[in-house]
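Okay, structure first, notes after.
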Amino acid sequence: MTCQKTRHNFTKIAFKPLHTNLFNIVLISFFLTIGCGNLYSQEIKNKKKPLPAVKQSDKETPVLNDTIKLDTVKTKKTFLDGKVRYKAKDYAKIDQKKKLITLYNEAELYYKDVELKSGIIVLNYEKDEVYAGRIKDSAGVLTQFPNFKQGSNEVQPDSIRFNFKTKKALIYNSRTKQGELNIKAAITKKENDSVYYLKGARITTATDIDNPEYYFRTSKIKFVPGKKIVTGLTQMVIADVPTPLALPYGYFPLSQEKSVSGIIVPSYNDSNTRGFSLQNGGYYFALSDNYDLTVLGDYYTNGSYAMRFESAYATRYKYRGNVNIRFENLINSERGYPDYSKQNIYNIQWSHSKDSKSNPNSSFSASVNMGSSKYFKRSINQANIGSNLNNTLSSSINYNKTFNTVPGARIALSATHSQNTQTEDIIMTLPSLQGSIDRVYPFVGKNGVKKGLIKNINLQYSVSGKNYFKTKDSLFFKPQMFQDAQLGMQHTIPLSTNFKIFKYFSAGASTTYQETWVNKTTHKAYDSSTGQAEPTTVNGFDSFRTYNFSMNLGTTIYGTFDFGEDKKIQSIRHVMRPSITYAYTPSFERYYDTYAVDATGTITTQYTRFENGIFGAPGKDNSNIVGFALSNTFEAKVRDRDSTKTEPKKIMLLNNLNFSTSYNFNADGKTTLALQPILVSGGTQFFDNKMNMNFGATLDPYALDSGNNRINMFNIDNGGSLFRLTSANVTVNYSFSNKGTGKEKNTQSQRNGGRNDDLFGTNTDLNDSRNSQFANEPEKDDVITEFFNSKIPWDMTLAYSLTYSNTTRQNQISGNSLMISINTDITPKWKGGVSTGYDFVQKGVTFTQFRFERDLLSWRMAFNWQPMGTNSNWNFFIGIKSGMLSDIKWNKRSVSNR
């Protein structure tokens with residue numbers, strides 16, 4: 001066996017129980033002592049030279065076996081029964097006498113699940129212990145701190161002493177990370193694989209554990225990796241300044257799972273109208289990996305309270321969704337005062353989506369936003385002007401199923417809800433049924449070619465059923481709502497065909513048969529006690545049948561205006577799609593009855609018992625209408641600014657420019673006029689599709705009399721122009737940014753019924769300050785190498801709306817407003833934003849919000865202010881970013897009276 005210096009090589013030593021005789025033991029020890037002893041003596045003589053290290057083969061050390069066994073000698077069983085791999089940059093020295101292996105400079109040692117890296121490592125394989133510590137560099141600075149890793153637990157101390165047999169360790173100035181927590185302790189004692197005792201420790205979520213912005217200081221800790229941290233007396237320290245915030249003990253739950261159940265500590269606040277309060281307190285239930293539940297509540301000293309239930313659920317490749325249920329019992333002032341009021345409001349939101357991969361033949365989705373009409377206007381937990389101004393809440397739950405039959409069939413079940421928050425009217429279908437069978441071409445041959453008038457004849461079948469409710473907010477889901485329900489079903493069979501005329505014209509013809517079933521009808525008769533005709537509801541099955549006929553003819557015309565390839569605008573392409581339609585519906589007067597309108601019975605009027613039905617009523621007069629429509633698009637070819645490109649650049653000038661009108665052949669010229677106003681609409685985009693502009697106008701060919709009523713006389717014959725401009729509107733939306741990425745949409749505001757941008761401010765849950773303007777942004781370095789003001793990130797959204805009205809010669813601008821929203825990074829750690837606008841008609845500033853946020857590394861500070869209007873309020877928040885310590889915060893706000 002030879003001993004020599006080695007560099008950058010792994011050496012494997014196999015420690016196995018020695019079952020050899022005494023002679024072999026003595027013989028091996030003798031040669032090792034002589035060989036390594038000579039090298040040791042030489043090292044003493046020449047201290048300037050490093051001690052030669054024993055070079056070990058990468059293979060396991062062979063174990064000598066002897067055929068002679070001595071029953072009276074029992075060798076000691078070495079504990080290290082696995083492979084030890086190690087390496088060092090300077091040297092690896094083996095001292096067989098002291099049973100030591102010393103590794104120096106960038107030392108590494110691997111044994112079973114233990115990984116150890118340090119400046120110096122000393123392994124005592126007789127005591128089954130290892131020591132690791134730092135070393136000094138050429139400048140005398142301690143470097144190469146130990147890194148001890150066992151399984152998934154990792155520690156970075158100043159030094160460590162570990163026993164392989166007992167699994168105990170003594171660690172000095174250890175640094176470890178458990179989830180979001182960073183822990184540093186002066187002395188750590190590892191009791192076993194699952195329990196550590198720490199002395200003189202600090203706990204923080206700051207990145208820099210040696211110089212944190214804040215930490216929790218405690219004298220002793222019991223630490224169970226992946227499960228919990230239990231502390232003694234714990235004091236909070238901010239910027240190395242001890243605070244009076246202290247607890248006799250602390251408990252920090254740790255888990256390898258994504259979330260754990262726990263208490264949500266409430267925040268304190270006060271209100272002039274409701275008194276002192278505890279808000280946003282409750283409990284989080286981590287029910288499983290697929291769903292959870294958060295229960296939150298508020299309580300005010302005047303008796304007001306609120307409850308919220310929030311749950312999110314998901315199953316991979318199947319579905320995902322979330323549910324929010326909010327209830328508030330609002331009491332203003334005190335009983336006996338004139339401004340005393342009490343009201344219960346609620347809101348239910350449910351969003352569900354199904355993964356199409358789970359079943360391509362069926363789908364299920366839900367988007368629900370329903371509740372009290374005044375919820376977003378009076379809620380003490382929501383502040384969003386977009387939701388306040390929204391007049392409609394809507395919901396839909398849909399299930400669709402496709403049947404792979406011939407012909408194919410589809411069925412859809414849905415529940416819909418529409419609620420006007422101003423009138424408090426609610427319209428609901430619960431449920432609604434839609435069924436259809438694919439088109440059938442009865443005259444197509446075996447070759448399947450559909451060409452010509454006959455072969456293109458096709459028919460379909462569809463059915464629609466509704467259980468229809470129309471009620472008020474105060475009667476929602478009360479017995480009267482169900483008593484007024486209407487049930488109906490409508491069957492539709494369309495028969496149609498299409499064909500070509502003169503090669504360039506596309507023509508079509510269709511007729512449709514409909515049969516409608518209802519469960520309620522109306523009967524009208526004169527009531528002498530009231531002196532008028534009173535309608536009564538008749539329960540029972542009834543039905544009516546209608547049919548109609550229509551034709552259409554259209555074509556596409558292409559035109560190109562060439563200006564020359566040497567011009568900047570080389571050509572303009574104009575595409576026109578004119579069309580003409582004709583529709584005829586006969587009179588269904590047989591479904592009409594008469595009733596007397598006075599006591600004599602001489603004056604009668606007509607009505608249909610199917611009026612106010614959910615599928616409408618049959619028409620009394622026949623309809624004979626022809627319609628005209630023309631759509632246009634304009635596209636230009638321009639020379640590209642890049643001279644290396646040979647192809648011109650295409651630019652869309654007008655996405656659409658549409659004209660439409662109709663003529664009624666059955667108009668009597670008195671109650672109805674033959675020619676309908678011409679509707680003009682169009683839209684285009686500018687600046688790489690960042691600016692959207694849409695416009696519309698109504699042109700009326702008829703004149704007005706002295707009472708501003710339309711008369712059967714063309715406006716040009718009455719001394720006016722060819723058309724009267726009765727209304728017009730223009731809307732422009734422009735979003736631009738220097739960040740280079742799309743701006744995140746305000747999805748929660750849109751879900752509440754508001755806008756998906758921040759022109760009406762950001763959607764704010766006054767009891768949830770987890771949303772941050774710094775969210776979804778990459779970490780930024782604290783060191784700024786360039787002047788920040790040369791590259792300040794910002795984004796801006798503009799919206800302009802102009803409306804003109806002239807239906808009764810008023811000739812006025814009825815609406816003219818500009819709205820703007822700006823967000824910018826004031827500094828790398830400061831963000832600011834403002835949303836405001838101006839109404840040029842009312843001559844006043846519209847909704848205005850200022851928002852600021854400061855990134856305090858481990859902390860976050862935010863301030864929102866709405867300075868004017870009925871919804872004026874301000875909100876200040878400062879707290880720890882970490883979700884584990886999110887309850888450590890201070891939130892102060894002033895909410896307007898609602």
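Side chains included, hydrogens not; waters and symmetry mates left out as well; all remaining heavy atoms used.
No side-chain donor-acceptor contact under 3.5 Å links Gln349 to the backbone of Ile325. Not one N or O on the side chain of Tyr291 forms a donor-acceptor pair closer than 3.5 Å with the backbone of Thr315. Formation of a donor-acceptor pair under 3.5 Å by the Lys354 side chain with backbone atoms of Tyr399 is not found in this model. A donor-acceptor pair is defined here as one N or O able to donate and one able to accept, closer than 3.5 Å; no such pair exists between the side chain of Ser662 and the backbone of Gly627. A distance-only check finds no donor-acceptor pair linking the side chain of Lys318 to the backbone of Ala314 [under 3.5 Å]. Using a distance-only test at 3.5 Å, with no hydrogens or angles considered, no donor-acceptor pair links the side chain of Asn458 to the main chain of Tyr441. Of the possible donor and acceptor atoms, none in the side chain of Asp438 sits under 3.5 Å from a partner among the backbone N and O of Pro407.
A donor-acceptor contact closer than 3.5 angstrom links the side chains of Arg545 and Ser543. Side chain to side chain, Asn823 and Asp795 meet the donor-acceptor criterion of an N or O pair below 3.5 Å. If you check the side chains of Thr416 and Thr429, you find a donor sitting under 3.5 Å from an acceptor. No donor-acceptor contact under 3.5 angstrom links the side chains of Ser351 and Arg320, judged on distance only. Of the N and O atoms on the side chains of Thr848 and Thr836, at least one donor lies less than 3.5 Å from an acceptor on the other residue. Remark: the Ser727 side chain and the Thr698 side chain contain an N/O donor-acceptor pair separated by less than 3.5 Å. For the 3.5 Å distance criterion, the side chains of Gln685 and Asn692 qualify, holding a donor opposite an acceptor. Judged by distance alone, the side chains of Thr516 and Gln490 do bring a donor and an acceptor atom under 3.5 Å apart. Under the 3.5 Å distance criterion, with hydrogens and angles disregarded, a donor-acceptor pair is assigned to the side chains of Tyr300 and Gln279. A donor-acceptor pair shorter than 3.5 Å cannot be found between the side chains of Ser814 and Thr803. Side-chain contact of Ser372 with Asp473: a donor-acceptor pair under 3.5 Å is absent, judged by distance alone. Looking at Asn347 and Asn369, their side chains do bring a donor and an acceptor atom within 3.5 Å of each other. No hydrogens or angles considered: a donor-acceptor pair under 3.5 Å links the side chains of Ser362 and Asn359. Side-chain contact annotation: Asp292 with Tyr284, donor-acceptor N/O pair under 3.5 Å present.
Between Asp542 and Arg609 a salt bridge is recorded (basic side-chain N to carboxylate O distance below 4.0 Å). Salt-bridge annotation for Lys472 and Asp425: present, with a side-chain N of the basic residue lying under 4.0 Å from a carboxylate O of the acidic one. Look at Asp298 and Arg308 and you find a salt bridge, because one of the NZ, NE, NH1 or NH2 atoms lies within 4.0 Å of a carboxylate O, short of that distance.
In this structure, Phe544 has its ring center closer than 6.0 angstrom to the ring center of Phe610.
From Asn398, atom CG reaches atom OG of Ser432 across 9.0 Å, with rounding to the nearest 0.5 Å. Note that the CG atom of Leu487 and the CZ atom of Phe469 stand 9.0 Å from one another [nearest 0.5 Å]. Atom CE of Met370 is separated from atom OG of Ser418 by 11.5 Å, given to the nearest 0.5 angstrom. Taken from OG1 in Thr684 to CE in Met693, the straight-line distance is 6.5 Å, to the nearest 0.5 Å.
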Test side chain to side chain contact (heavy atoms under 4.5 Å, CB included) applied to Glu424 and Ser474, step by step: CA-CA 8 Å; Glu424 298 188 5; Ser474 58; 5.7 Å; no

Side chain to side chain contact (heavy atoms under 4.5 Å, CB included) evaluation trace for Phe309 with Arg326: CA-CA 7 Å; Phe309 302 88; Arg326 308 181 181 110; over 6 Å; no

Checking side chain to side chain contact (heavy atoms under 4.5 Å, CB included) for the pair His523/Tyr607: CA distance, chi angles, key distance, verdict? CA-CA 9 Å; His523 176 72; Tyr607 81 100; 3.4 Å; yes

Side chains of residues 461-468: which donor-acceptor partners sit under 3.5 Å, not counting sequence neighbours?
residue, atom, partner, partner atom, Å
Tyr461, OH, His491, ND1, 2.8
Ser464, OG, Gln434, NE2, 2.9
Asn467, ND2, Leu430, O, 2.9

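By the neighbour-count criterion of 12 heavy atoms within 6.0 Å, atom OH of Tyr317 is sparsely surrounded, having that number or fewer from other residues, nucleotides or ligands.
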